[in-house]
Amino acid sequence: MATIDITSAPVDPDVADLYEHYRTMFLIRRFEEAAERQYKAARIGGYCHLSSGQEATTVGAVAAMEEKDLLVTGYRSHGFALARGVPPESVMAELFGRTHGCAHGRGGSMHLLDVSRGYYGGWGIVGGQLPIATGMALSLVRRGAKQAVVCELGDGAVNMGAFHESLNLAAVWDLPVVFLVINNLYGMGTAVDRASAEPDLFKRAAAYRMEGERVDGDDLEAVEAVTGRLLERAREERRPAVLEAVTYRFRGHSVADAGLAYRTRDEVDEHRHHDPLAHTREMLEARGVPSEGLDALEHEVEDQVERSVAFAEADAPPPVDRLAAGMYTQGSDEQFERMRPGAPFGEAELVFAGGLGE
Amino acid sequence: MATIDITSAPVDPDVADLYEHYRTMFLIRRFEEAAERQYKAARIGGYCHLSSGQEATTVGAVAAMEEKDLLVTGYRSHGFALARGVPPESVMAELFGRTHGCAHGRGGSMHLLDVSRGYYGGWGIVGGQLPIATGMALSLVRRGAKQAVVCELGDGAVNMGAFHESLNLAAVWDLPVVFLVINNLYGMGTAVDRASAEPDLFKRAAAYRMEGERVDGDDLEAVEAVTGRLLERAREERRPAVLEAVTYRFRGHSVADAGLAYRTRDEVDEHRHHDPLAHTREMLEARGVPSEGLDALEHEVEDQVERSVAFAEADAPPPVDRLAAGMYTQGSDEQFERMRPGAPFGEAELVFAGGLGE
Amino acid sequence: MSAAGVTEAPAVAITDAAGAETVTYREALRLAMRQEMERDERVFVMGEEVGLFDGSYKVTAGLMDEFGPDRVRDTPISEEGFLGAGVGAAMLGERPIVEVMTLNFLLVAMDQVVNHAAKIGAMFGGEVRCPMVIRTPNGAGNQLTAQHSQSFDGWFAGTPGLKVVAPATPADAKGLLKAAIRDDDPVLVIENLPIYKEKGVVPLNPELITPIGLAAVAREGSDLTIVSHSFATVRSLKVAEKMQAEHCVSVEVVDLRSLRPLDVETVAASVAKTNRALCVEEGWPSYGVSAELAARIQHACFDDLDAPVERVGMAEVPLPYAKELELAAMPTEDRIERAALRTLDLAP
Amino acid sequence: MSAAGVTEAPAVAITDAAGAETVTYREALRLAMRQEMERDERVFVMGEEVGLFDGSYKVTAGLMDEFGPDRVRDTPISEEGFLGAGVGAAMLGERPIVEVMTLNFLLVAMDQVVNHAAKIGAMFGGEVRCPMVIRTPNGAGNQLTAQHSQSFDGWFAGTPGLKVVAPATPADAKGLLKAAIRDDDPVLVIENLPIYKEKGVVPLNPELITPIGLAAVAREGSDLTIVSHSFATVRSLKVAEKMQAEHCVSVEVVDLRSLRPLDVETVAASVAKTNRALCVEEGWPSYGVSAELAARIQHACFDDLDAPVERVGMAEVPLPYAKELELAAMPTEDRIERAALRTLDLAP
Ligand SMILES: Cc1ncc(C[n+]2csc(CCOP(=O)(O)OP(=O)(O)O)c2C)c(N)n1
Ligand SMILES: Cc1ncc(C[n+]2csc(CCOP(=O)(O)OP(=O)(O)O)c2C)c(N)n1
Ligand SMILES: [Mg+2]
Ligand SMILES: [Mg+2]
């Protein structure tokens, strides 16, 4: 979290923590608003899924993680990357498809990652990240490491076969993984109870003799506390868990969706009145943090977001002659050497020149 | 059940039913023993999965079905076909790969069916039959038909993603399907509790707010009663259910498996002492059916099995020039006509001559 | 069926009492579904977001209002489950149209398509059938990145028991989808993301279909045959115009329309005339559709060919996000043109 | 690595201090795993029935006793789950070998293979890798019927980001599996049911590998090149002997060994010499491996070819159960021979 200046932070450690969490929540909100503007200005492409409204869950869950813990998420993950400390410049540059993006411009919004911070992506197939997170937990056990994995998924993902197979494996093998189900009430336009025969999603954990809990996902401190407890148990006792955090997505499914075909304006407004950002700010003020201090923090963050956009804009796109970089490891060029004759891609050079490895 | 002679049956209707069920159980046992012999004599090929030991479950469940109900099973299904009334000749001919087999020699042991008796196969991919059975139940609902589907699966199949997706769909859409989980304690060599984090398999139903029950699968009358109750509810109230029948597979996973690498001889012997066949015969005797009558029944069945083998042996194999028959419906030949030039199969005629349709 | 016959460019107006209209590819698909649902009670649509959300790509927009939630059924995110449910319903004689949001997501339902739907007719000795339609768009563009930009068309086309069509025009979108719905076998209808918004003249006659298994000569020419399907046909037609204008080269474009059955006859007849062939596809060419085409052409036209059959498609990488990289990887008009010139020995 | 070089028949004894032994293909695979597990703690095996049951086809027999249940891990029947778990473990630097009972069952795990394992290197900008091995047999025979008799080799070979090998001999089974385990990318090792019991001389030296991306000339010849992989190579070698004896025709057999990367160079060099090519595979040829081969050969050897490239494979039907039908559908030696004679213009 090198980019965050904490000199103006409160001294009471509990309040100081909340203050920093608020900063992160605010960063996520403003960052995503900027991303949306850049998307509409066609500087960002692909799908762009915003998490506005869900910040308390994101920040609370990540705050509960130890540095050595690992994180795996779906595609609605700008917030997770930022909360885990990936510099905004690096995330924004990724959204712009630039060289210094956290995936060097090759992944975009859905495929953020930062291995140095234990963040292993950023995946786009609903449910696809679950077996992978489970395998990471298996690897931790094989090493005897006291670490755990947090695997984020949406309420829509609980109906995928991969959910079932992963939870069963995690439970039958006693793996240290917490499945964080972000129940924002909808998977695209489908309300939870139209999709899931058991709409109390945490109860599904019982089918694997696994602990399942539900938490108010807009209550940052509650999210942090229960995530912390479940992670601790995962690390120490190798007990996996499901944590369902109930929250709301203020915006449409992606920037392209107005988000009103399947829910009413009233419903959205009602939830906006319980904005976790406003709530957290109020809590800070109630605990004695002066309003001006919070305004200053907000300005700092806004500057930071602006800088990230400027950084991304100035950053270079990846060189076209390195189209295939990363696909295979070094040494593979030699293996592929003999595949050239009659190569059909149109221009074989595009793929082979510049090498396959990093 | 045209081939079964019931003239010597007892008159008390309850005993008469049990008597007929015993006949079916005994038929399954002897039929499969004959199939094994023919397999070892290389007259039957492929995989050959015997259900010896599981007859009470098979016969009890099918007995509870109404004629209009539908049946879908996995690959361990000789017993289900016979119980549903498919003539032994037709099943044996299928195992021999002959024209008058119930799938005309194209399916073999794993892909038996008889649409006229509502039996829609006989599927070989673990869990693959579940979405299909679910779709059949959906179709019944669309027609407003008061019918239900029985979908058989093994204890190993409950860990497949298809299980989860199907049960959720069946529950969220209120479909008339009973998932009959035959828990014979092992999926190949893997004991239930090594595979399933919740070894009480019926409890998994709760994850879909679905009714789940467990029954002693060696108690024919209990199986029939509970299956009947669940089917009734499925038909009348469109409520799906899971029924776990606990039983034991006396033989190896398939004829090729001795079945002793993962369980002890003692364990197998112990279960053989509770053979549901012997148990049912004892019940009949206790209810006053003379032992000679039962002996006679057994002889009849043995003759019947022998006749089925003779029938299959005498039956002709499918003509090789009809290799592609059934693959597509009639009229498709014309669609495929223009695909011939440069056809690569070696001999295009093999596939196209004789037609694609029935 | 002659109206949609072999030698006709797909987008010309069709003389028919029912008339014709200029609509988008998306609207043409919707029209096909509406007409077939009106005609046949057994037809119903099922998939993620097809109802309340009006379809992820708005193909089914309005249909739930028109036909109700039973015939336009929203599903949970469970592709294996609901696609398999379509198989089961079809086995009982329904005519399900299962929409899969994009072809990429068929990977999680592959087993139901390849090892169930495709097997039913043959494996059960013709005793039961599976008359279902699976609709899904392939294609890349818009920086959707590696997991969302794929075209596995050839995998399905290589599966005996399936039929696979891939319309390139609104008229064929309507005609082939209708043919698929009426067909008694499982048919995969591969749509395409970039074409959804393309417009064309579509005959309104509800009885007009585009026959499965029949390619179309989308443009006549004499110097080179380009063989393509789906969006690659749209690209190729533009390249053909440009080459006429700039290089005075006359390019014939054969739009496959069906991948299984594959109309090798029409392709071979064209190559016999032009003596040169270029196969273009949106997907990766190695082990792709263009491989089969090149294999068939070299066989059927061995003595006719003046040059090796060339191929062009997506560069063989998981599609990167960055716009510049994506563009460099795609089978753009530029790249098709270069490949065409190469096939004509007019470029190295 | 020269010991397993290009021009060497795969089954000859290799001069090496460590010696060689005649073992089955199955034993050769086991030897490779045992050696690599001894060498590298990160290597572990996981799959259905690999431990207590000794492997469904006994490839892993004894390994659980030797290495314990943590390194030879039995899994529930959950291919998508445990294959994906392999992906996750590999991303953290483990070297999982995931056994899938047969290639048919990869269909339920397709998404993890194609849309996850294969994407990792490129999609994450090279920041994380996926050094895993997936082992699984393809092939038909023994009347296993439509759902259990398939070879989707080309689908994986057509997926950028994967590597695919398919050994035809015990020596290459050991050499390629070892190469795959040591490789830093995801490698699919396609084994084969009928070959498991075939014997051959296998070098014991734990450092000998068969390089990925290098085909072998399994038999030299001058009149015709047969290109094949996996069990089709075994069949083709027999056909070659027979044709020599009965027709005085000299057939060269190129055993591909790797499908991605594909060694087109070795194939083309052979065809340049023989001027005729026949591609043989166990799977369905339309849109299959032989399509890619024919496409490459006609391109690379356009001026060398005296006849069109021919192909032979499984008849394009879901494989029926009845022995007679199965046999009629398979690419038997008879059918390969007839196709070879056709390629040589010695038969219609
Ligand atoms: C297997 C698969 N099917 C469909 C999609 C398309 N899709 C992307 S996000 C989404 C909704 C997911 O909803 P949820 O899990 O609740 O997450 P949220 O978007 O609310 O964060 C769908 C259907 C996909 N990416 N993968
Ligand atoms: C998807 C898939 N994976 C693996 C197999 C191989 N296989 C066939 S039967 C079986 C065991 C199934 O056990 P269970 O469900 O308990 O049924 P049982 O054999 O005991 O009747 C396995 C692993 C398969 N057919 N399909
Ligand atoms: Mg959601
Ligand atoms: Mg079992």
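Chain naming here is simple, since letters A, B, ... match the order of the sequence lines and numbering starts at 1 in each.
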Shorter than 4.5 Å, heavy atoms on both sides: which option in B:Ala170, B:Ala205, B:Pro199 has the most such pairs with chain A?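 Winner by heavy-atom pair count: B:Pro199.
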Choice from B:Met210, B:Glu165, B:Lys203 maximising heavy atom contacts with chain A below 4.5 Å: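 Highest number of pairs under 4.5 Å: B:Glu165.
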Before giving the answer on side chain to side chain contact (heavy atoms under 4.5 Å, CB included), spell out for B:Val172 and A:Glu198 the whole-Å C-alpha distance, their side-chain angles and the decisive distance to 0.1 Å. CA-CA 8 Å; B:Val172 83; A:Glu198 174 50 270; over 6 Å; no
Donor-acceptor under 3.5 Å (B:Asn168 side chain, A:Ala195 main chain):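 Looks like yes, one N/O pair under 3.5 Å.
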Using atom types as modelled and distance alone, determine if a side-chain donor or acceptor of B:Asn159 lies under 3.5 Å from a backbone N or O of A:His164.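 A pair under 3.5 Å: no.
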Is B:Asp193 close to chain A through its backbone or its side chain, or both, or neither, when contacts mean heavy atoms under 4.5 Å?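 When you check distances to chain A, only backbone atoms of B:Asp193 fall under 4.5 Å.
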Between B:Arg209 and A:Asp200, is there a salt bridge with N-O shorter than 4.0 Å?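 A salt bridge is present here (some side-chain N lies under 4.0 Å from a carboxylate O).
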Chain B: which of A:Ala206, A:Ser196, A:Gly127, A:Ala162 shares the most heavy-atom pairs with it under 4.5 Å?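 The candidate making the most pairs under 4.5 Å is A:Ser196.
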